[in-house]
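Some notes on the structure that comes next.
Just so we're on the same page: letters track the sequence lines, and every chain starts at 1.
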Amino acid sequence: MSVAAFAELLEGLLYTPSRLGKLRLLREWFATQPDPDRGMGLAALAGDLVFRTAKPSVIRDLVAARTDPVLLALSHDYVGDFAETVALIWPEDARRNAEPPALSEVVEGLEVAPRAEIPAMIAAWLDTLDASARFALIKLVTGGLRVGASGRLAKTALAEWSGQDIAEIEEVWHGVAPPYLPLFRWLEGQGPRPDPNGAPVFRPLMLANPLEALDLAALDAAAHRAEWKWDGIRVQLTAGPGGHRIWSRGGEDISGAFPEILDAMAGLHGVLDGELLVIREGIVAPFSDLQQRLNRKAPGPKMLREHPAAIRLYDILFDRDQDLRPLPFDSRRAHLEAWFERERPPRMDVSPLIPFATIEELSAIRDGARAASIEGLMLKRADSPYQPGRTKGLWWKWKRNPLTLDVVMMYAQRGHGKRSSFYSDYTFGVWRGPPGSDELVPVGKAYSGYTDEELAWLDRWIRNHTTARFGPVREVEKQLVLEVAFDAAQRSTRHKSGFALRFPRILRIRKDKPAAEADRIEAVEALVATNAVPTEAGADLG
Amino acid sequence: MPPHPETWLRVTEAGLYCAPGDFFVDPVRPVERAVITHGHSDHARPDHEGVLATPETLAVMRARMGEERAGRRPQALAYGESLTINGVKLRLVPAGHVLGSAQVVMDYDGSRCVVSGDYKRRADPTCAPFEPVPCDVFVTEATFGLPVFTHPPVAQEMARLLHSLALFPERTHVIGAYALGKAQRLIAELRAAGYDKPVYIHGALAQLCALFEAHGVRLGELRPATVADKASLVGAVVIAPPSAIADRWARRLNEPVPCMASGWMRVRQRAKQKGVELPLVISDHADWPELLATCAEVEAPEIWITHGREEALIHALGTRGQRGRALHLIGRDEDEEGE
């Protein structure tokens with residue numbers, strides 16, 4: 001199979017908005033492409049291809065030698081993406097009627113060819129390909145496919161296609177390398193399970209279901225344990241002789257962004273589940289502080305000093321090579337506490353259990369928790385094994401009641417996919433300034449929370465009250481009051497108001513309320529949680 | 001020594017004006033005498049007094065603006081015929097852009113200027129092909145005046161559409177295509193590729209499709225999309241104006257695949273921004289190689305550029321020994337869904 005098939009896959013993934021559609025394309029890729037090409041495509045999507053000698057500068061030099069610099073610059077300005085510019089501008093009059101290269105031939109060539117031969121080799125390939133395939137080839141060389149499909153999605157498709165559990169695929173993933181021939185042989189039932197050889201492996205996380213009123217009524221207090229639900233990001237730590245990794249909840253390796261945590265894992269051997277937080281002197285910082293860390297792939301010394309990361313541990317999956325996942329929660333918890341006493345790792349603590357006797361008592365505790373760093377409570381069955389995914393009835397998340405504001409709709413934008421004909425994304429604001437000369441300032445954007453009927457009503461209202469259009473955005477008459485719910489208010493430079501709301505959604509449309517009576521900026525300010533709760537377990541934050 | 005065309009043709013606020021003949025070409029505001037190259041709304045405006053155009057363009061104008069506003073004194077000039085106005089000999093020559101589209105060839109006192117209007121060089125089953133006319137000044141468009149724009153063969157794009165129809169037999173393929181020209185060309189190309197099922201059309205296309213049929217363009221069975229029942233649209237091809245493919249009426253379509261037929265679809269992010277899932281690079285404008293080839297073929301020492309990405313074209317012409325000049329005509333459609 002040639003590079004053209006891979007180019008078609010990339011194009012399909014780019015233009016297909018739905019996850020299901022993308023999965024379908026990927027399954028088809030695995031089912032129809034021959035080895036080793038299908039594995040090379042998988043490696044490209046999973047980010048497992050790194051070429052030491054083929055660099056973006058090679059492409060830049062090649063195209064510069066073939067095009068007028070003024071036309072190249074104007075074209076680049078117009079197209080935006082450099083790889084695409086090169087793919088489109090590459091002169092076709094020299095196009096050779098030769099057989100285009102196979103994907104595997106390209107990958108192997110880029111891996112083994114001497115540095116001096118790389119430019120001529122790439123040029124010769126480009127001369128045999130059409131624009132779409134040239135784009136795919138250039139993206140392979142320059143890295144960063146950004147086609148809207150992650151490595152995790154590719155593995156999900158691999159699981160669906162083969163019928164093998166994705167957890168099993170993750171287990172063996174780090175024991176195989178492109179083009180993953182043993183992996184495909186195993187998935188097709190023609191070979192043994194590849195041995196991961198102690199390499200760090202991501203294990204899919206156990207997730208919780210939201211607790212609804214009905215579930216709450218049926219809950220047996222004695223059979224459950226409660227913890228705070230911290231407002232950071234769920235991570236998994238794997239540590240052992242084979243290496244150390246920090247995985248995001250989706251299995252993405254984020255170790256590089258948190259070197260201090262990686263250091264803290266030195267000497268450990270096991271797999272842990274916890275919340276990644278920014279903690280200063282025992283106080284959990286608001287999510288926006290962690291956000292700044294997440295935005296940096298490699299944080300500088302100042303960032304490390306001012307936004308120190310820590311892990312609040314929830315669970316233990318492996319102690320050394322002992323798989324604790326089948327054990328009930330209570331046993332794992334005892335194991336976690338004992339492990340922590342033994343190891344005392346820096347920058348980590350154990351998320352405390354919240355003692356309670358009745359659900360009513362717990363409910364009161366939940367209502368009393370107003371710190372920005374707490375999203376609510378987690379309820380876990382005392383006998384629950386650690387099961388990947390979201391099994392109903394084992395773990396519950398019980399978020400605290402949201403905060404609300406009455407805001408005024410300012411702008412509306414069309415949604416995506418099924419919602420592309422609806423104005424479904426709303427920017428809203430609150431009043432600021434002295435009465436009489438006050439103005440609306442935006443505080444957030446919401447695109448959920450409404451029913452289908454409400455969405456249809458809002459869509460109609462927006463079309464009938466548009467005052468200006470900017471591309472896909474409509475400015476509307478400042479008349480409609482929306483009650484929005486959100487988890488927290490934070491100071492932020494993102495909006496003109498100086499505040500941002502965490503996870504805002506539309507609670508109801510307040511057709512009854514005049515816009516002038518919507519909330520003012522002072523109301524937002526009053527909701528900003530200023531003091532966070534101190535850590536309860538004695539953490540060594542070194 | 002014949003006079004340079006710049007002495008008898010000039011750019012005014014209303015558009016390009018021929019002084020000795022006292023007429024405008026594609027004026028943007030109502031004038032006494034207008035020569036119209038083709039029926040797209042940024043070239044053919046309503047409410048002129050005298051309108052000279054091909055019979056097909058006059059018919060298009062009547063269909064789009066009504067008898068009242070399509071010119072008080074319409075005058076048809078067929079391809080190949082000529083007319084002399086105050087010493088300016090005027091001919092209309094096929095431009096290959098849409099049905100009736102014409103280049104305006106003007107001869108005055110031994111010098112010749114050709115105003116191309118919009119044009120393309122690819123075969124189009126719905127209109128007569130472009131004919132190059134040697135001249136002293138060639139007035140060209142430059143909609144796709146960048147070397148990144150090379151339109152692929154139409155057959156290749158139709159094959160991609162048919163492949164998608166086979167791949168998703170239950171989904172409605174709703175194709176955004178301009179109501180005049182592109183829509184009919186697309187239908188004719190579908191027929192040429194062997195697609196013989198009914199094609200569903202948005203209400204905005206009905207009248208123009210009928211007009212093309214009346215001019216001998218075979219479009220096969222067309223059905224109105226906006227009143228069709230949901231079931232019959234399963235797996236169907238629906239053609240609609242670009243602005244309508246994601247609008248309210250499209251909610252009734254079965255898991256629609258939004259497609260767009262336009263030269264702009266060559267650039268991925270442009271297609272992506274429009275929410276297009278199947279971009280079809282089919283254009284009624286000359287692509288970059290065709291712009292350069294045409295400018296060379298007409299052998300004009302000087303090329304005037306009406307609209308588009310003139311900077312790149314002027315640069316490229318300069319390296320080929322042709323002088324380029326941007327006219328900066330106002331009122332030409334620069335929108336990406338433009339005609």
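Judged purely by atom type and a 3.5 angstrom limit, K272(B) has no side-chain atom pairing as donor or acceptor with the backbone of Y15(A). Between the side chain of Q269(B) and the backbone N or O of V79(A) there is no donor-acceptor pair closer than 3.5 Å.
Residues L74(A) and E311(B) form a side-chain contact, since some pair of their non-hydrogen atoms from C-beta on lies under 4.5 Å apart. Considering only heavy atoms from C-beta on, E8(A) comes within 4.5 Å of H163(B) through its side chain. Here the side chains of T150(B) and I89(A) are not in contact, with every heavy-atom distance at 4.5 Å or above. Under the 4.5 Å side-chain criterion, counting only non-hydrogen atoms from C-beta, L71(A) is not in contact with L146(B).
One distance of note links CZ of R268(B) with CG of L10(A); it measures 7.0 Å at 0.5 Å rounding. Of the inter-residue distances, the one linking S18(A) atom OG with E277(B) atom CD reads 7.0 Å to the nearest 0.5 angstrom. A distance of 5.5 Å separates CD of E11(A) from CZ of R160(B), quoted to the nearest 0.5 Å. To the nearest 0.5 Å, the span separating CH2 on W288(B) from OG on S75(A) amounts to 7.5 Å.
Using a 4.5 Å cut-off between heavy atoms, L167(B) touches chain A through backbone and side chain atoms alike. Contacts of V267(B) with chain A are made by both backbone and side-chain atoms, with heavy-atom separations under 4.5 Å.
Counted within 6.0 Å of CZ on F168(B), heavy atoms from surrounding residues, nucleotides or ligands total more than 12; the atom is thus considered enclosed. Atom CZ of R19(A) is surrounded by 12 or fewer heavy atoms from other residues, nucleotides or ligands within 6.0 Å.
Most heavy-atom pairs under 4.5 Å with chain B: of the set D459(A), T16(A), T67(A), this distinction falls to D459(A). Here P279(B) is the residue among P256(B), P289(B), P279(B), A271(B) with the most heavy-atom pairs under 4.5 Å with chain A.
Contact record, T319(B) with D68(A): CG2-OD2, 4.2 Å, taken as the closest heavy-atom pair.
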